[in-house]
S.K.: 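First, the structure itself, so that you have it in front of you.
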Amino acid sequence: QVQLVESGGGLVQAGDSLRLSCAASGRTFSTYAMGWFRQDSGKEREFVAAIGWIGSSTRYADSVKGRFTISKDNAKNTLYLQMNSLKPEDTAVYYCAASPGGNSWYEYDYWGQGTQVTVSS
């Protein structure tokens, strides 16, 4: 069982930055493929970014490419999402997800509870 706890959300203005963190349990964190998803009220959950465990390759949704950066610190068992140039349409609950040994950008076995990000115009 993998437990994921997100933090770092908040209320910011358009153009500001935030860094989300996701602390993960488990001794084999370095083998977890991980991702960030988001869901705004009344909308479906959407993919934001992912990082693989082989070579730490990354993938981003077109809507965040160039503004968001996903990274993973294996020593701290923590996943990050650096969000710059935030826009009101980035407002959502952000979830981190993990898949030990996974090889899909979009399918995960474990999910966190989410952290709210609100961007005002």
S.K.: For G114, does its backbone N or O pair with a side-chain atom of E6 as donor and acceptor, under 3.5 Å?
M.R.: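 Side chain of E6 to backbone of G114: a pair is present.
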S.K.: About how many Å separate OG1 of T115 and CD of Q113, when rounded to the nearest 0.5 Å?
M.R.: 11.5 Å
S.K.: Verify the cluster assignment for V64 and Y95: are they in a single hydrophobic cluster under the rule of side-chain heavy atoms below 4.5 Å apart?
M.R.: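 Different clusters: V64 never reaches Y95 through Ile, Leu, Val, Met, Phe, Trp or Tyr contacts under 4.5 Å.
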S.K.: Is there a side-chain contact between W111 and R45 in this structure, where contact means two heavy atoms from C-beta onward sitting under 4.5 Å apart?
M.R.: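 The answer is yes, as the side chains (C-beta and beyond) meet within the 4.5 Å cut-off.
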S.K.: Using a 6.0 Å cut-off, check whether atom CD of E107 has over 12 heavy atoms from anything other than its own residue.
M.R.: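 At most 12 heavy atoms, drawn from other residues, nucleotides or ligands, come within 6.0 Å of this atom.
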S.K.: Would you mind reporting whether R38 and L20 have side-chain heavy atoms less than 4.5 Å apart?
M.R.: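 Result no, sub-4.5 Å side-chain heavy-atom pair not found.
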S.K.: Which pair of non-hydrogen atoms, one from M34 and one from C22, has the smallest distance, and what is that distance?
M.R.: CE-SG, 4.3 Å
S.K.: Measuring from S121:OG to K87:NZ, what's the distance to the nearest 0.5 Å?
M.R.: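 Spacing of OG (S121) from NZ (K87) equals 14.0 Å.
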S.K.: Looking at F29 and D73, what are the two nearest heavy atoms and their distance?
M.R.: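 For F29 and D73, the tightest heavy-atom pair comes out as CE2-O, 3.6 Å.
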S.K.: Provide the closest heavy-atom pair for A23 versus T78 in the form atom of the first, atom of the second, distance.
M.R.: CA-OG1, 4.3 Å
S.K.: How long is the straight-line distance from CG of N77 back to OG of S30, given to the nearest 0.5 Å?
M.R.: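 If we round to the nearest 0.5 Å, S30:OG and N77:CG are 8.5 Å apart.
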S.K.: Restricting to non-hydrogen atoms, name the atom on W105 and the atom on G52 that form the minimum distance, rounded to 0.1 Å.
M.R.: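 Smallest interatomic distance, heavy atoms only, reads CZ3-N, 3.7 Å.
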S.K.: Are Y110 and Q1 close enough that some pair of their side-chain heavy atoms sits under 4.5 Å apart?
M.R.: yes
S.K.: Tell me whether the count of non-hydrogen atoms from other residues, nucleotides or ligands lying under 6.0 Å of CD in E46 goes above 12.
M.R.: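 Yes, the 6.0 Å shell around CD holds more than 12 heavy atoms from other groups.
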S.K.: Could you tell me whether Y108 and F37 have their ring centroids closer than 6.0 angstrom?
M.R.: yes
S.K.: Under a 3.5 Å distance rule, please check whether S120 uses its side chain to pair with a backbone N or O of V12 as donor and acceptor.
M.R.: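 Present.
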S.K.: I'd like to know if the side chain of T58 and the backbone of I51 have a donor-acceptor N/O pair within less than 3.5 Å.
M.R.: no
S.K.: Membership question, hydrophobic clusters at under 4.5 Å side-chain separation (ILVMFWY): are Y60 and V48 in the same one?
M.R.: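 Yes: a chain of side-chain contacts under 4.5 Å links V48 to Y60.
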S.K.: Nearest 0.5 angstrom please: L86 CG to S17 OG, how far?
M.R.: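 Going from CG on L86 over to OG on S17, the span is 6.5 Å.
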S.K.: Within the side chain of W36, is there an N or O that forms a donor-acceptor pair under 3.5 Å with the backbone of Y80?
M.R.: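 Such a contact is found between W36 side chain and Y80 backbone.
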S.K.: Specify the closest pair of heavy atoms between L81 and A49, including all atoms of both residues, with the distance to one decimal.
M.R.: CD1-CB, 4.3 Å
S.K.: Would a 4.5 Å heavy-atom cut-off, applied to side chains only, mark V117 and M83 as touching?
M.R.: yes
S.K.: Closest heavy-atom contact between S71 and L79?
M.R.: O-CD1, 3.3 Å
S.K.: Please check this pair: side chain of W53 against backbone of G102, looking for a donor-acceptor N/O pair closer than 3.5 Å.
M.R.: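 Checking the backbone N and O of G102 against the side chain of W53, a donor-acceptor pair under 3.5 Å is found.
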S.K.: Looking at OH of Y32 and NZ of K72, how far apart are the two atoms once the value is rounded to the nearest 0.5 Å?
M.R.: 9.0 Å
S.K.: Report yes if the side chains of L11 and Q116 come closer than 4.5 Å at any heavy-atom pair, otherwise no.
M.R.: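 They are not in side-chain contact.
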S.K.: Quick check for you: to the nearest 0.5 Å, what is the distance between D40 atom CG and Y94 atom OH?
M.R.: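 Answer rounded to 0.5 Å: 9.0 Å.
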